[in-house]
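See structure below.
So you know, we letter chains A, B, ... as the sequences are listed, proteins then strands, and number each from 1. Hydrogens, waters and symmetry mates play no part in the numbers below; they use all other heavy atoms, side chains included.
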Amino acid sequence: MTEAASPSVIEWERVSFAYGAVTALQDVSLCIHYGELAAVMGPNGSGKSTLIKLALGLLKPDSGRVRLFGRDVNDFDQWGRVGYMPQVVNGAWQDFPATVSEVVSLGTYSGVSPLGIFRRSERADVLAAIETVGMTAYRSRRLAELSVGQQQRVLLARALVRNPDLLVLDEPAAGIDVSGEEQLYAVLRDLSKDRGMAIVIVSHDIGAMLREATTVACLNCRLVLHGQPHDLTVDEMSTLYGAPVDVLIHDTAHEFQGALHRHR
Amino acid sequence: MPAILQYEFMLRALAGGVLVGVLAPILGTFVVLRRLSLIADTLAHVALMGVAIGLASRFLPTLVALLAATTGAIIVDQLRARGRVPGDVALAVVLYGSLAVAVVVIGLAGGFNVDLFSFLFGSILSVAPLDLWLLAALAVVVLLFVGVFFVDLAQMAFDDHLAKVSGVRTDRLNLALAVLTGATITLSMRVVGVLLIGAMLVIPVMIGLRLARGLRAAMATAVLAGVLSAVSGLTIAFYGDISAGGAIVLTAMALLILANLWSRLRHRRRTADV
Ligand SMILES: Nc1ncnc2c1ncn2[C@@H]1O[C@H](COP(=O)(O)OP(=O)(O)OP(=O)(O)O)[C@@H](O)[C@H]1O
Ligand SMILES: [Mg+2]
């Protein structure tokens, strides 16, 4: 499937959004396709999470339109095709009485099921998703008894167990250690290449994004840059973040110089 | 037969207590997990405003309160759904607003009387057959609602946004949950009292969360704790001639302390084993 011919999975069309008087996004147009691993980057407060929430219908744009799988997001109802992992907030699940496998099994939701109160949580697909994120040993632990990075892995499993066509990840690697990060990107690569899944990933890890993503969108209230990773220059990145950006990636196509010590 | 079971009013109070002990913790589980504990108190004060208006106008106070609390629940839910006002500030405004109206109406109507006192603190003498029927009907509705939508409600309790992106109809369910909570609070006030009903939505749930592992078990434990508190509290109120609401909530508090001790003991034993 060539990228140009493939139908869009998410389409933001001239979208603007403000929280009261604070403009978060202005006139952003962007398209995500099947098989694309799209990185959304930008400084803190640049509107990345807002962009994601608009795509998922959690916020309504002040102007412009958002389409999911070709349908206006307000009329969209095939939520089984969407997996979402929000930005994890420390302590959010302090009191929630559920084990890892119960939380992951919440991801298998597919509509109202009377007597769902009696459903078992340790199903094969749930266990497989837990295995994928390396949490098998913890599957009977309570979510509240895990570290933030472990909670993030569980939420990733909760998104993966849906086997979605679109996976949206808001800073999935923020609390995850180096080996977990390698595993995460390996999983995402497989899903986008072999399974053709569309993946949107918000991240501050410029090096990893330039290595892993097939497209990069840089936000700063407006869409500043959009293209393939090797089209972006150090100067453009530095302008976006308002500070010199040094990135080292071992990529024959394009070589940045700098100090991010990560080797593949 | 023990004395307590020879009085019809006491049988009604006990039946009401059991119903409240089941209803309040079931809805309270979702209220607590979604960190909306203030909602219970807010709706209770809206109900109090309804009671005050009902008493002053000599119209059925329970029905006026029911109307007020469900309307209040809808308004509060809409405020929450708009999402641009921080939740607890919006709740506090509604709480104090209705309390102020209640106080003014009570003053105009000539101040406190025995009736009002029983609405505020609960009373074993005041549970009327109508209250009991309404409570029983509400219990059927709530049990059906939670039974059918348990998975959806669990998703929402875990994370509202994640639930929505999973396809849960969160706006409708939120509204239904708010209305049922408002109705439960109102109808429970003859037993526990407006000022203490919030405790019945919160304390048994804390016991459940302390003792149980999963959501279902936590809810079941909370219901057990709720029924136990209501029945023992009413019995104590009968023999000790004290306020029903106070006795019930103090019993629940005692159970919470026991649950805390037990879970700490269990935890220590588990760490000692390792
Ligand atoms: N609930 C809110 N109410 C008011 N303003 C908000 C709210 N959420 C975000 N904003 C504002 O909107 C802008 C964009 O926020 P957003 O969360 O989309 O940024 P972000 O790019 O995800 O940042 P980060 O990298 O810190 O996650 C910021 O200026 C922020 O202050
Ligand atoms: Mg963000």
Is there a side-chain contact between [X] and [Y] (heavy atoms, below 4.5 Å)?
X      : Y      : value
B:S166 : A:R158 : yes
A:L143 : B:F158 : yes
A:E102 : B:R216 : yes

Donor-acceptor pairs under 3.5 Å, side chain of residues 173-186 of chain B to any protein atom, not counting sequence neighbours: which ones?
{"residue": "B:N174", "atom": "OD1", "partner": "B:R34", "partner atom": "NH1", "Å": "3.0"}
{"residue": "B:N174", "atom": "OD1", "partner": "B:R34", "partner atom": "NH2", "Å": "2.6"}
{"residue": "B:N174", "atom": "ND2", "partner": "B:T170", "partner atom": "O", "Å": "3.1"}
{"residue": "B:T181", "atom": "OG1", "partner": "B:L177", "partner atom": "O", "Å": "2.6"}
{"residue": "B:T184", "atom": "OG1", "partner": "B:L180", "partner atom": "O", "Å": "2.8"}
{"residue": "B:T186", "atom": "OG1", "partner": "B:G182", "partner atom": "O", "Å": "2.7"}

Toward chain B, the part of A:V168 with a non-hydrogen atom under 4.5 Å: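 When you check distances to chain B, no heavy atom of A:V168 falls under 4.5 Å.
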
If only atom types and distance count, is the side chain of A:R142 paired as donor or acceptor with the main-chain N or O of B:G214 below 3.5 Å? no

Measure distances from [X] to the heavy atoms of chain A and classify the residue's part below 4.5 Å as side chain, backbone, both or neither.
X      : answer
B:A217 : neither
B:V32  : neither
B:A212 : backbone

Is it true that, when you exclude B:R264 itself, more than 12 heavy atoms of the residues, nucleotides or ligands shown sit nearer than 6.0 Å to its CZ? no

Enclosure of A:R195 CZ (heavy-atom neighbours >12, cutoff 6.0 Å):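 Yes, CZ of A:R195 has more than 12 neighbouring heavy atoms, counting only those of other groups under 6.0 Å.
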
Before you tell me yes or no, could you show the steps for A:M85 and B:L162 under side-chain contact (heavy atoms from CB on, under 4.5 Å), namely the whole-Å CA-CA distance, both residues' side-chain angles and the distance that decides it to 0.1 Å? CA-CA 8 Å; A:M85 176 185 165; B:L162 269 176; over 6 Å; no

Minimum heavy-atom distance between B:V165 and A:R162, given as atom pair plus value: O-NH2, 4.2 Å

Within residues 77-84 of chain A, contacts to chain B at heavy-atom distances under 4.5 Å involve A:W79, A:V82, A:Y84

side-chain contact (heavy atoms from CB on, under 4.5 Å), that's the test. Do B:L209 and A:F96 meet it? Break it down for me. CA-CA 8 Å; B:L209 292 177; A:F96 200 84; over 6 Å; no

